[in-house]
Visitor: 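The structure follows.
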2 protein chains.
Amino acid sequence: MSHTYDYPRPAVTVDCVVFGMDDEDLKVLLIRRGVEPFSGRWALPGGFVRMDEALDDAARRELEEESGIRPSHLEQLYTFGAPDRDPRGRVITVAYFALVKLSAHHLHASTDAREAAWFSVWDTPKLAFDHAEVLGTALQRLKGKVRYQPIGFELLPPKFTLSQLQRLYEVVLERELDKRNFRKKILAMDLLEELDEVEQDVSHRAARLYRFDHKKYRQLEKAGFNFEL
Amino acid sequence: MSHTYDYPRPAVTVDCVVFGMDDEDLKVLLIRRGVEPFSGRWALPGGFVRMDEALDDAARRELEEESGIRPSHLEQLYTFGAPDRDPRGRVITVAYFALVKLSAHHLHASTDAREAAWFSVWDTPKLAFDHAEVLGTALQRLKGKVRYQPIGFELLPPKFTLSQLQRLYEVVLERELDKRNFRKKILAMDLLEELDEVEQDVSHRAARLYRFDHKKYRQLEKAGFNFEL
DNA sequence: TGACAGGGTGTTCGCCGGACACTATGGCGG
DNA sequence: CCGCCATAGTGTCCGGCGAACACCCTGTCA
């Protein structure tokens with residue numbers, strides 16, 4: 001079946017930059033392409049938008065189809081539409097930005113025969129299309145946003161230690177933070193629930209676990225509170 | 001001439017939210033539609049993206065065609081793609097956000113038979129499509145961005161008084177600012193060039209004029225300086 | 001039992017943001 | 001010409017917050 005229009009139309013895709021965090025590093029999800037163009041190259045998960053589908057829904061669907069992941073945070077990032085960004089012709093892509101708790105998503109291998117894997121964001125292979133630029137934009141966004149919105153927690157397991165949280169901020173912001181000042185500030189916000197649990201299976205003194213209190217955050221937010229760093 | 005594709009494709013447009021500032025209020029540029037759908041209604045300037053044209057270029061072109069305006073600041077805002085946002089079918093619009101010096105753009109009336117006019121952003125007529133939502137998103141962006149990037153100056157004439165600048169911030173941020181603190185802070189940044197001129201034709205003491213020093217800003221920016229409020 | 005690998009904790013100081021009120025000028029009208 | 005009006009322009013104090021900074025604690029493992 002074919003479709004005919006009076007004027008030429010670009011194709012529209014969505015692509016997702018999905019970030020996850022393991023104990024050392026910030027990771028991004030990539031898919032190895034199995035078809036031309038750029039067959040064999042790594043690329044961001046994504047695909048064509050259906051005619052009856054909202055853009056956000058398309059992003060979620062493609063992500064789930066290609067990796068099985070349902071992100072805990074998803075937002076639109078930027079729309080890339082350089083006329084020559086896809087060798088097949090005019091393709092405009094609406095890029096999305098997603099955060100997942102890596103621990104909860106041990107990639108059940110390739111859901112539909114495509115290979116998916118996590119890469120350190122500082123050390124990715126050469127990417128297809130303009131996906132390196134998209135990734136760069138997403139990193140900037142993450143770096144900017146993490147300081148004034150509590151989205152960093154979406155990258156950590158539900159229960160986490162303050163050291164994990166600090167490492168996360170250090171990796172994302174690309175600078176070291178003072179342990180005492182960091183703890184003082186984050187605890188002063190009163191957004192973390194101190195649990196009666198400590199981490200397990202570590203070969204040194206075990207750290208206390210905390211949980212982010214979404215409900216309290218929403219309350220404070222309404223009252224004009226601003227999360228910052 | 002017609003164009004045929006294997007899969008259906010959405011149409012892609014750009015729409016521009018153009019802000020200007022007069023002595024009292026923040027304004028937005030609207031165009032009265034002359035064709036269906038929403039004929040007679042006011043809408044944001046915009047139109048279809050050409051096949052060989054970057055998105056930014058499309059935004060600039062449509063804006064110039066419909067109003068003669070060449071904005072001093074233009075950036076992508078957000079992409080709106082709800083399946084039912086246009087009664088003609090699937091139309092995805094990439095919205096842009098633009099700032100102009102109102103004084104320099106006394107709308108040479110309708111460049112191509114369409115009616116264009118400035119409206120107070122707090123008091124617009126009912127808008128076509130989902131343009132009210134687009135405008136709301138743009139206002140949020142302006143409000144957020146004006147505090148940590150010196151884009152407010154794009155809304156003022158090249159030479160302005162500190163009172164004009166303060167009024168601009170008050171209108172955009174929707175709150176009153178203390179005159180002494182505002183002046184202290186903005187002057188401390190050392191980004192304003194104090195001119196040997198005062199405003200003319202006012203029926204009270206004339207205020208000194210200042211000019212924003214773009215060059216100095218770029219230097220400081222490189223050195224890690226951060227503009228704030 | 002000692003060494004190692006993080007965990008956890010307070011104080012000081014300088015700066016900046018916020019609150020706050022009066023004098024100075026210039027135009028205009030009476 | 002004098003007084004009024006409308007806006008311009010100016011400085012201080014205080015409290016809070018961010019930045020710098022070092023040592024003891026605890027649990028594990030060899």
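Source: prediction; values computed, not measured. Atom set for the values below is all heavy atoms of this structure, side chains included, hydrogens, waters and symmetry mates excluded. Each chain gets a letter, A, B and so on, in the order its sequence line appears, and its residues count up from 1.
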Visitor: Rounding to a whole Å, what distance do you find between A:Phe182:CZ and C:dT9:C1'?
Guide: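 It works out to 16 Å between those atoms.
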Visitor: What is the distance from CG of A:Leu192 to P of C:dG8, rounded to the nearest Å?
Guide: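 Value for this atom pair: 13 Å.
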Visitor: Can a side chain N or O of A:Lys185 be found less than 4.0 Å away from OP1 or OP2 on D:dG18?
Guide: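 A:Lys185 to D:dG18 OP1/OP2: side-chain N or O found under 4.0 Å.
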Visitor: May I have the distance from A:Gln200 (atom CD) to C:dG7 (atom P), rounded to whole angstrom?
Guide: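 That distance rounds to 15 Å.
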Visitor: Would the distance check show the side chain of B:Arg41 and the main-chain N or O of B:Leu127 forming a donor-acceptor pair, the cut-off being under 3.5 Å?
Guide: yes
Visitor: Would you confirm whether B:Glu193, through its side chain, and B:Arg211, through its main-chain N or O, come within 3.5 Å as a donor-acceptor pair?
Guide: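 No, B:Glu193 side chain to B:Arg211 backbone: no donor-acceptor pair under 3.5 Å.
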Visitor: Rounded off to whole Å, could you give me the CZ-to-P distance for the A:Phe160 and C:dG7 pair?
Guide: 14 Å
Visitor: In the 5'-to-3' direction, what one-character label does each nucleotide of nucleotides 5-15 of chain D receive under the scheme B = base within less than 4.0 Å of a protein heavy atom, S = sugar-phosphate only, - = no such atom?
Guide: -BSBBBBB---
Visitor: From CD1 of B:Ile186 over to P of C:dG17, roughly how many Å is that when rounded to an integer?
Guide: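 For the pair B:Ile186 CD1 and C:dG17 P, the rounded distance is 12 Å.
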Visitor: I'd like to know if the side chain of A:Tyr78 and the backbone of A:Ala95 have a donor-acceptor N/O pair within less than 3.5 Å.
Guide: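 Not confirmed, A:Tyr78 side chain does not pair with A:Ala95 backbone.
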Visitor: Taking the side chain from B:Arg167 and the backbone from B:Glu24, do they hold a donor-acceptor pair closer than 3.5 Å?
Guide: no
Visitor: Separation of B:Glu228 atom CD from C:dG17 atom P, in whole Å?
Guide: 8 Å
Visitor: So, do B:Phe212 and B:Phe160 have ring centers that fall under 6.0 Å from each other?
Guide: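 So the answer is no for these two rings.
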Visitor: Ignoring hydrogens and geometry, is there a side-chain-to-backbone donor-acceptor pair from A:Arg32 to A:Gly40 under 3.5 Å?
Guide: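 Between the backbone of A:Gly40 and the side chain of A:Arg32 there is a qualifying donor-acceptor contact (under 3.5 Å).
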Visitor: Please report, rounded to the nearest Å, how far the C1' atom of C:dG18 is from the CD atom of B:Glu176.
Guide: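 Taking atom C1' of C:dG18 as the reference, CD of B:Glu176 is at 15 Å.
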Visitor: In whole Å, what is the span from the CZ atom of B:Phe227 to the P atom of C:dC16?
Guide: 16 Å
